[in-house]
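No experiment lies behind these values; they were computed from the predicted model shown. Indexing begins at 1, ligand by ligand and atom by atom, following the structure's order.
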Amino acid sequence: MTRFERSADTLPVPAGRDGMRQILTRCGITFTDAQLDRLWTYHQLLRRYNPELNLTRIHNFANMVMKLYVDSILPGRMAELPSPLMDLGTGPGMPGIPLKIAHPHLHLLLAESRGKRVEFLKTVCRELGFDDVEIIGRGIEADFAVPVRGVVTRAVEAMAATLSRVRGCVEKGGRVLFMKGPNCDAEIAEALRTHEGSFILEADTRYVLPGTPHRRRLVVFQRVDEPVSRSNESPGSPRRTVKRIESAQNPVFKELKRLLYGRGVKKAGKTLVAGSKLTADVAARHRDRVEGWISRGDEPPPPADLEERVSWIALAPSLFDELDVFGTRCPMLLAGVPDMPAWEPASGLQKGCSLLIPFQDPENVGAVVRSAVAFGVERIVLLEESAHPFHPKALRASGGAAFQARFLRGPSLSQLPRTLPILPLSQDGMPLEGVDFPEAFGLLPGIEGAGLPAAWRFRAIAVPISPEVESLNAATATAIVLYEWSRRRRIEDAS
Ligand SMILES: C[S@@+](CC[C@H](N)C(=O)[O-])C[C@H]1O[C@@H](n2cnc3c(N)ncnc32)[C@H](O)[C@@H]1O
């Protein structure tokens with residue numbers, strides 16, 4: 001038999017998914033099945049963990065739907081929700097979780113100081129598939145400086161206290177939404193008095209929970225000054241906003257992590273520059289490429305001579321260490337990757353040396369790029385097989401030379417026409433000493449391990465080595481050939 005529950009205020013509804021939908025519909029909230037599934041899952045988690053964690057004192061089904069979920073959703077109908085939005089003192093997730101269910105694209109941060117509730121929130125986000133929700137598991141104080149466009153808060157404390165607490169994070173023009181009961185005039189007056197010059201009252205909307213006598217107020221303050229702790233305070237330095245990231249779920253951090261892989265670098269057109277020497281070199285010589293400065297924990301801001309457009313991202317130490325795969329502990333740079341136009345084999349090879357790279361190991365790609373730049377190779381054609389030259393490992397092995405090279409995107413090894421003047425490299429080819437380098441030619445080392453396809457080997461050149469060693473490393477062999485080519489070119493130029 002269906003269990004019907006009636007609260008003091010609502011018509012009886014079956015205590016289940018259908019009853020939940022009925023109450024929502026009566027309140028003018030129409031959810032898709034997927035949204036209702038999420039709210040139902042959240043409800044079941046609240047019920048399951050409530051006896052152990054004391055998450056809410058409301059137990060009656062209809063009251064839970066009305067006073068917790070509907071109550072949480074309604075502010076999103078009365079005010080435009082700022083995003084990113086932090087729910088300060090969210091407890092078991094109110095109003096944040098129902099708001100996120102109602103507005104799936106909302107960039108939400110849930111701030112909660114009590115550890116057990118934080119664990120509950122993690123479970124909720126995992127079960128609901130909210131992997132973009134950031135959980136801030138600590139008490140929010142004025143030094144909290146993750147920039148947000150808005151804060152929402154329900155049943156936490158007096159407004160003036162909250163406005164003090166969010167001084168470091170709410171951006172100028174951002175909003176603080178207070179979900180209050182009807183009698184909050186004195187609180188509003190105190191907040192206005194103590195925060196004059198920082199916050200103005202933007203809206204004060206009175207409403208009732210539909211079909212009940214319960215009165216509510218949504219009080220919205222707007223920030224009119226700049227957050228205090230967000231700009232470099234040393235005189236003369238550019239005003240730079242710091243984006244502090246504390247959660248591994250932060251979308252920006254997730255983007256940064258993708259840059260540890262060649263595919264991520266290719267997709268984003270950005271790379272991570274690590275190591276004190278390399279970052280200093282790139283910041284000095286390729287300044288126009290620098291887009292961001294990534295620091296660890298409370299390390300100081302970027303040097304004042306980096307332009308204001310360069311963003312500053314301060315990662316929690318554990319997050320920084322995840323990105324710092326070389327263990328440098330030095331600030332990293334986020335840098336833009338230069339354009340790589342396509343090379344059409346039909347257009348032939350231009351004067352000088354075109355180095356064709358098939359290497360799959362990023363360190364080999366980096367090493368050969370470094371040699372190519374050192375010996376004056378005119379252009380580097382990256383074959384489809386090649387690792388990305390701005391993969392962090394490749395960039396590091398290149399010593400930053402990748403920023404000086406001219407790259408073109410080429411076809412795969414199997415699509416290279418054998419009619420072009422391409423000199424393949426293979427240890428069973430003819431000795432380098434006897435080779436004539438054409439005025440325009442391509443140099444083609446083999447893939448690590450597999451070497452060159454048989455079709456290319458008949459005209460290959462070799463670096464003679466002792467029979468005791470099977471072969472040279474492909475990047476090393478290429479460097480030796482490039483040295484020989486550049487040596488002869490210098491002799492020709494001098495004569
Ligand atoms: C009364 S509960 C309200 C929870 C929820 N907003 C609701 O309406 O059901 C207040 C919550 O705020 C949390 N809290 C209080 N001060 C906080 C702060 N400065 N930063 C983060 N959380 C805080 C408490 O741990 C508690 O879980």
**Proximity to ligand 1 by part of Thr90, non-hydrogen separation under 4.0 Å** = backbone

For [atom], what is the nearest protein heavy atom, given as residue, atom name and distance?
| atom | answer |
| --- | --- |
| atom 16 (N) of ligand 1 | Val156 CG1, 4.1 Å |
| atom 10 (C) of ligand 1 | Ala155 O, 3.7 Å |
| atom 8 (O) of ligand 1 | Arg154 NH1, 2.6 Å |

Just go through [options] and tell me whose heavy atom is the nearest to [atom].
| atom | options | answer |
| --- | --- | --- |
| atom 14 (N) of ligand 1 | Gly137, Ser113, Gly115 | Ser113 |
| atom 20 (N) of ligand 1 | Ile136, Leu68, Ile140, Val118 | Ile140 |
| atom 5 (C) of ligand 1 | Met94, Arg114, Glu157 | Met94 |
| atom 25 (O) of ligand 1 | Met86, Arg138, Glu112 | Glu112 |
| atom 12 (O) of ligand 1 | Gly89, Gly93, Ser72 | Gly89 |

**Atom pair CE (Met94) and CG (Leu99), whose distance is rounded to the nearest 0.5 Å** = 11.0 Å

**Asked** Under 4.0 Å between a Lys/Arg side-chain N and an Asp/Glu carboxylate O for Arg296 and Asp324?
**Response**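 Judged by the 4.0 Å cut-off on N to carboxylate O distance, Arg296 and Asp324 do not form a salt bridge.
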
**Message:** I'd like to know if Arg167 pairs up with Asp225 as an ion pair, taking the criterion as any Lys NZ or Arg NE/NH1/NH2 lying under 4.0 Å from an Asp or Glu carboxylate oxygen.
**Reply:** no

Which ligand 1 atoms does [X] reach within 4.0 Å, using its non-hydrogen atoms?
| X | result |
| --- | --- |
| Gly139 | 18 (C), 20 (N), 21 (C) |
| Gly91 | 4 (C), 27 (O) |
| Arg165 | 19 (N) |

**Asked** Do we get Arg289 above Phe403's six-membered ring, with its NZ or CZ under 6.0 Å from the centre and within 45° of the axis?
**Response** no

**Greater than 12 external heavy atoms within 6.0 Å of Arg329's CZ** = no

**Request:** Taking atom CZ of Arg138 as the centre, report whether more than 12 heavy atoms of other residues, nucleotides or ligands fall under 6.0 Å from it.
**Result:**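 Check passes, neighbour count above 12.
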
**N or O pair under 3.5 Å between Arg117 and ligand 1** =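 Looking only at distances, the answer is yes, because the N/O contact criterion of under 3.5 Å is met.
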
**Request:** Determine whether the side chains of Thr162 and Glu157 contain a donor N or O and an acceptor N or O closer than 3.5 Å.
**Result:**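 Yes, because at least one side-chain N or O of Thr162 sits under 3.5 Å from a partner of the opposite role on Glu157.
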
**Prompt:** According to the interplanar angle, ranging from 0 to 90°, do the rings of Phe120 and Tyr42 count as parallel (below 30°), tilted (30 to 60°) or perpendicular (above 60°)?
**Reply:**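 It falls in the tilted class, 30° to 60°.
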
**Message:** Give me the atom names and distance for the closest heavy-atom approach of Met20 to Phe61.
**Reply:**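 That would be N-CZ, 3.8 Å.
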
